[in-house]
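Following: one structure in structure tokens, then a few remarks.
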Amino acid sequence: MAKNLLIVESPAKAKTIEKILGSDYVVKSCFGHIRDLPQKAIGVDIKNQFQPEYVVSPDKKDIVKELSKLAKEAEVWLATDEDREGEAISWHLAEVLHLDINKTKRIVFNEITETAIKKAIQSPRKLDVNLVNAQQARRILDRLVGFELSPVLWRKLNRPSLSAGRVQSVAVRLVVEREREINAFNSEYSYKVVGVFSIEEKGKEKSFKAELSRKFEKKEEAEQFLKDCIPASYKVSDIQVKPASKSPAPPFTTSTLQQEASRKLGFSVKKTMMVAQKLYESGKITYMRTDSVNLSDLAINSIKSMIKERFGDEYSHVRQYVTKNASAQEAHEAIRPTYAQNDSIDGSKDEERLYDLIWKRTVASQMSNAKLERTIAQIDISTRKEQFIAEGEVIKFEGFLKLYLESTDEESEDEEQSGMLPALSVGQSPTIQTITATQKFSKPPGRYTEASLVKKLEELGIGRPSTYAPTISTIQDRGYVEKGQREGQKRDYNVLTLKNGTVTVKALQEVTGSVKGQLVPTDIGSLVTDFLTDQFNKVMDYKFTANIEKEFDSIADGKVEWEKMIGNFYQPFHENVESSINSKVYVTGERQLGVHPASNKPVTARLGKFGPMIQVGSSEDETKPTYAKLLSGQSIETITLEEALALFNLPRLVGSFEDKEIKANNGRFGPYIQHGTAFVSLKREDDPLTVDLDRAIELILEKRTADANKFIAEFPEHAIQILNGRFGPYLKQGKNNFKIPKGKQPDKLTLEECLEIISTGGKDSATTKKKTTKFKK
DNA sequence: CAGTGAGCGAGCTTCCGCTTGACTT
């Protein structure tokens, strides 16, 4: 039996540390928090100084049992993370394992290296009760806000399972307000003029581009300019050459990894975290939930020697990055490869790609600046006072660019990579080949992507590395925010060209305003945001988290009692909740669209029991009002009277096929076509208002083949079917589904085997089914 | 499975931050 029990949070960490410490130490993991407020009840005694009721989390019972047993016979070292949550985890461990708080050794290290760990063992400290209290205040405040606000929403929007919280509600607010900025944006245009010139260099013709020093607002102005250029000659009037340098981005944190993996690999934040977890568990990278850009000395040294060996001394530049984010707690290192010399790993395609990204980013962060030379040449026009400006950039020394360049969120269509210019000199007269004036529209602010929303939340100090991905999932699961599906719309633009002495005008089309993969608010998301910002503006304030973080810090410093801080917050907050819940106002977002041209009845859009809808007429009229559901992509806030009235064309007769009518409609599960008694869902790109007969028949036939492929085998006498599903083959009996055990071939199952699967696996499947279905209604 | 369009009723939702698997139709 070992004399010492050392407890850390993560099992992968435990393994590594056990190797370092040897046989005197048993190193175990507690898998994060072991105790928390109860899941189903508020668990805070408000009348009694907000005393929390903690329970061992159901999935941690076994862990706690094991740790208790080990703790009885060994000296316990609490080695959880060095931050507020880590301190609290240690305190809960001390409580549950009945350790003497004054005697228990608490140690911390923020890198897993032999020196760091042995040094930590040399200097244990006591539990920091003030820091624990700061965590309790954070926990209790979040619980009070979440569990008091959510019921207000259930009532005001008449919808169960809505939720509100310090983090998620602000995340939704960001998306809602961005959408409104975009809706309010008035796109303006101007004409951007680009000339293509050529010049002789060493007997060869070389061409280069230059942009005019001004843009034109009107087409006529642009046209006049081109005409003026017909007889013109051109002269290089000035050349400036300036050295420039670029430095690498710091190593990855959780947030920057999510952003880069989204931009460069197209990963969702959830996927990034799942793949990173795999890399971490197999020992290939350091911990992936971190807000620190710090690299351990050991890592820096091994990266340095690797760079020198592989690229040469001149490529090495040791940099120690400092975390700028004020809310960072820096309990871990930056995300980096465990062994810098491994420039690739074996794993799934996704693991290999993410590792490659992490490796390059980390190594590049320790490489020299890139040295550039920027050339700006000015070209005069004999017939006009404007000038053409040619810009060129030449890399003199690539430095870190040899490996890696960080991407940006902006679309890169306009970024003409300014390459090398031919050698120009003042006084030269380049010849013009073409000049084009292109109509360019100003762009509204971009919608958030999952990753750019994480970036924004981090800037505001809202949320933590471990919660970014779950928060993004929550706001989508609750139906507040969706990933956009709509393709862009076509827009005309003009291009004027001067070539061979004549000016031509062409109208072209571009696609703009695609929302694919970007976050758009739903009607419910917008209504919840408006309601909460109106009635609970303090909690919805973008600075709320930053403000209370300061108060948590005061608690951690021992200057403020946590009960007092929570009391000061709760008293006005709760009064607000009470008055809001008692008011008879319901949130429907009702909006008048106008009157029906035929009947003169009012047309309104609002949130109904089953979602956003249009109503024609009022419920007080003698004849009942008529209703129509909004289509996906439409919203109460933006739908027009014309669009609303068009919805009443449903159900719509599309035509007939195989002697049966085909109708298009918008139902409970979205738009569909009905063919006799068969129903087929429309695809995202289809619109029930316009879908034609050919397409409808195509979809019907598609569905028939899909249904045929779905079927593998059946035993009708027992109502058993073996089918192909989303997660592979499965067994179905009546309404229950069963997993087919590994190693069994689904098409060769016998009746006996099927019955066995049902009798053994039956219980589990039935209970899990209940769990998942209860969410839906 | 492809309706419906309120406000009583019965009983259910819900937070944020630490950690991993188990499991999905």
Side-chain angles (χ1 to χ4, degrees), chain A residues 8-13 29-37 39-43 57 59-60 63 80-81 83-86 88-89 92 135 138-156 158-169 277 281 289 331 462-467 470-471 474 478 545 584 586 588 606-611 613-615 619 624-629 651 663 665-674 677-681 710 723-732 736-739 764-765 768-769 771-772 774-775 777:
Chain A
V8 295
E9 291 176 43
S10 153
K13 225 187 235 184
S29 129
C30 65
F31 295 81
H33 276 293
I34 53 155
R35 241 181 20 163
D36 192 12
L37 300 172
Q39 264 184 320
K40 301 268 169 199
I42 193 148
S57 314
D59 55 330
K60 299 292 165 56
I63 303 288
T80 52
D81 293 348
D83 59 15
R84 200 161 65 200
E85 297 297 325
I89 292 173
H92 281 298
Q135 191 274 347
R138 198 280 304 155
R139 179 69 190 94
I140 290 163
L141 182 128
D142 281 339
R143 173 52 69 96
L144 291 172
V145 169
F147 274 43
E148 293 216 355
L149 278 189
S150 299
V152 179
L153 296 180
W154 303 341
R155 197 176 158 87
K156 294 292 152 183
N158 197 21
R159 276 174 164 70
S161 75
L162 288 181
S163 63
R166 174 177 58 84
V167 173
Q168 58 168 285
S169 296
Q277 176 89 28
E281 281 170 12
R289 290 185 275 261
I462 299 172
R464 303 277 315 134
S466 67
T467 60
T471 300
T474 299
R478 299 265 179 271
T545 292
K584 285 276 176 273
Y586 290 89
T588 66
R606 67 180 167 92
L607 186 68
K609 199 172 171 187
F610 309 109
M613 59 182 252
I614 303 294
Q615 176 175 339
S619 49
K624 270 184 85 178
T626 50
Y627 304 99
K629 250 171 82 92
K663 281 187 213 154
N665 201 3
N666 188 23
R668 161 102 168 74
F669 307 110
Y672 66 99
I673 43 177
Q674 184 175 7
T677 54
F679 295 91
V680 183
S681 293
K710 193 180 163 195
L723 302 170
N724 252 322
R726 248 209 302 166
F727 306 101
Y730 68 102
L731 195 154
K732 182 184 174 83
N736 293 320
N737 299 319
F738 304 90
K739 214 171 141 179
D764 272 14
S765 306
T768 47
K769 191 157 175 60
K771 252 190 215 162
T772 47
K774 82 176 170 190
F775 226 92
K777 268 225 160 173

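In what follows, every chain begins at residue 1, and chains take the letters A, B, ... in the order their sequences are listed.
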Any His92(A) side-chain heavy atom under 4.5 Å of Lys60(A) side chain: no
Separation of Glu281(A) atom CD from dG21(B) atom C1', in whole Å? 9 Å
Quick one: are Arg478(A) and Arg159(A) in side-chain contact, heavy atoms under 4.5 Å? no
How many Å lie between CG on Asp36(A) and C1' on dT19(B), as a whole number? 12 Å
Counting heavy atoms from C-beta on, name the nucleotide in dA6(B), dT13(B), dT19(B) closest to the side chain of Pro11(A). dT19(B)
Looking only at side-chain atoms of Tyr627(A), point me to the closest of dG5(B), dT19(B), dG3(B). dG5(B)
Are any of Thr467(A)'s side-chain N or O atoms less than 4.0 Å away from OP1 or OP2 of dG17(B)? yes
Classify Val145(A) by what it touches in the nucleic acid, base, sugar-phosphate, or nothing, heavy-atom distance under 4.0 Å. nothing
Write out all pairs satisfying salt bridge (Lys or Arg N to Asp or Glu O under 4.0 Å) with one or both partners inside residues 147-156 of chain A, taking only residues at least two apart or from two chains. none
Over all strands shown, is Lys584(A) touching base, sugar-phosphate only, or nothing at heavy-atom distances under 4.0 angstrom? nothing
If you look at every strand shown and take non-hydrogen atoms under 4.0 Å, does Gly86(A) touch a base, only sugar-phosphate, or nothing? nothing
Please tell me if Arg478(A) has a side-chain N or O lying less than 4.0 Å from either OP1 or OP2 of dT14(B). yes
Atom CG of Asp142(A) to atom C1' of dC16(B): distance rounded to whole Å? 5 Å
Of the listed dT20(B), dG3(B), dG5(B), the closest approach to the Lys629(A) side chain comes from dG5(B)
Counting only side-chain heavy atoms from C-beta out, which of dC18(B), dA2(B), dC15(B) sits nearest to Tyr672(A)? dA2(B)
Arg166(A) near the nucleic acid: base, sugar-phosphate alone, or nothing, with a heavy-atom cut-off under 4.0 Å? sugar-phosphate
May I ask you to say what Leu607(A) touches in the nucleic acid, namely base, sugar-phosphate or nothing, with a heavy-atom cut-off under 4.0 Å? base
Name the nucleic acid region contacted by Thr471(A), choosing base, sugar-phosphate or nothing; use a 4.0 angstrom heavy-atom cut-off, strictly under. nothing
Starting from C1' on dT20(B), measure out to CD1 on Ile89(A) and report it in whole angstrom. 13 Å
Is there any protein nitrogen or oxygen under 3.5 Å from a nitrogen or oxygen in nucleotides 9-11 of chain B, and what are the pairs?
none

Is any side-chain heavy atom of Leu37(A) closer than 4.5 Å to one of Arg139(A)? yes
Distance below 4.0 Å between Gln277(A) side-chain N/O and dT20(B) OP1 or OP2: yes
Which is true for Gln168(A) with a 4.0 Å heavy-atom rule: it touches a base, it touches only sugar-phosphate, or it touches nothing? sugar-phosphate
Under 4.0 Å, heavy atoms only, any strand: does Leu149(A) hit a base, just the sugar-phosphate, or nothing? nothing
Does dT19(B) have OP1 or OP2 sitting under 4.0 Å from an N or O in the side chain of Ser10(A)? no
What nucleotide, of dA6(B), dT13(B), dC15(B), holds the atom closest to the side chain of Lys40(A)? dT13(B)
Out of dT20(B), dA6(B), dC18(B), which nucleotide sits closest to the side chain of Arg606(A)? dA6(B)
What does Gly165(A) touch in the nucleic acid at a heavy-atom separation under 4.0 angstrom: a base, only the sugar-phosphate, or nothing? sugar-phosphate
So Ala88(A), base contact, sugar-phosphate only, or nothing? Heavy-atom distance under 4.0 Å. nothing
Scan Pro625(A) against the nucleic acid and name what it touches under 4.0 Å (heavy atoms): base, sugar-phosphate only, or nothing. nothing
Arg159(A) vs dT13(B): side-chain N/O to OP1/OP2 distance below 4.0 Å: no
Using whole Å, what does the distance between atom P of nucleotide dT19(B) and atom CZ of Arg84(A) come to? 14 Å
With a 4.0 Å limit, can you tell me whether Ser163(A) has a side-chain N or O closer than that to the phosphate oxygens OP1/OP2 of dC15(B)? yes
5′-ward residue of the pair Trp154(A)/Pro465(A) relative to DNA chain B: Trp154(A)
Check: dC15(B) base within 3.5 Å donor-acceptor of Arg139(A) side chain: yes
Any sub-3.5 Å donor-acceptor pair from Glu9(A)'s side-chain atoms to Asp81(A)'s backbone N or O? yes
Of the candidate nucleotides dC15(B), dC16(B), dC18(B), which contains the atom at the shortest distance from the side chain of Glu9(A)? dC18(B)
Within a reach of under 6.0 Å around NZ of Lys663(A), are more than 12 heavy atoms found that belong to other residues, nucleotides or ligands? no
Is any side-chain N or O of Ser681(A) under 3.5 Å from a base N or O of dA2(B), one able to act as donor and the other as acceptor? yes
If only atom types and distance count, is the side chain of Ser29(A) paired as donor or acceptor with the main-chain N or O of Phe31(A) below 3.5 Å? yes
Indicate, with a heavy-atom threshold strictly under 4.0 Å, whether Asp81(A) touches base, sugar-phosphate, or nothing. sugar-phosphate
Where do Ala164(A) and Leu149(A) come nearest, in terms of heavy atoms and distance? CB-CB, 3.8 Å
Nearest to the side chain of Lys60(A), heavy atoms from C-beta on, is which of dT20(B), dT14(B), dC18(B)? dC18(B)
Report the distance from atom NE2 of His33(A) to atom P of dC15(B), rounded to the nearest whole Å. 17 Å
Does a nitrogen or oxygen in the side chain of Arg668(A) sit under 4.0 Å from OP1 or OP2 of dG5(B)? no
If we only count heavy atoms from C-beta on, is the Ser163(A) to Ser150(A) side-chain gap below 4.5 Å? yes
Checking contacts here: which listed nucleotide (dG5(B), dC18(B), dC15(B)) is nearest the side-chain heavy atoms of Phe147(A)? dC15(B)
Consecutive-pair stems (3 or more, Watson-Crick or G-U, under 3.5 Å) for DNA chain B: none
Taking the side chain from Thr471(A) and the backbone from Thr467(A), do they hold a donor-acceptor pair closer than 3.5 Å? yes
Kindly give the heavy-atom pair with the smallest separation between Pro465(A) and Arg289(A), and that separation in Å. CB-C, 3.9 Å
Round to the nearest Å and state the distance from Ile63(A) atom CD1 to dC18(B) atom C1'. 13 Å
Closest to the side chain of Phe669(A), out of dG5(B), dA6(B), dC1(B), is dC1(B)
Mapping Lys156(A) and Ile34(A) onto DNA chain B by nearest heavy atom, which one lands closer to the 5' end? Lys156(A)
Rounding to a whole Å, what distance do you find between Asp59(A):CG and dG21(B):C1'? 10 Å
Whether the side chain of Asn665(A) and the base of dA2(B) hold a donor-acceptor pair under 3.5 Å is what I'd like checked. no
With a non-hydrogen cut-off below 4.0 angstrom, is Arg464(A) in contact with a base, only sugar-phosphate, or nothing? sugar-phosphate
Look at the rings of Phe679(A) and Tyr672(A) and say which category their plane angle falls in: under 30° parallel, 30 to 60° tilted, over 60° perpendicular. tilted
Is Arg143(A) paired with Asp36(A) through a side-chain N to carboxylate O contact shorter than 4.0 Å? no
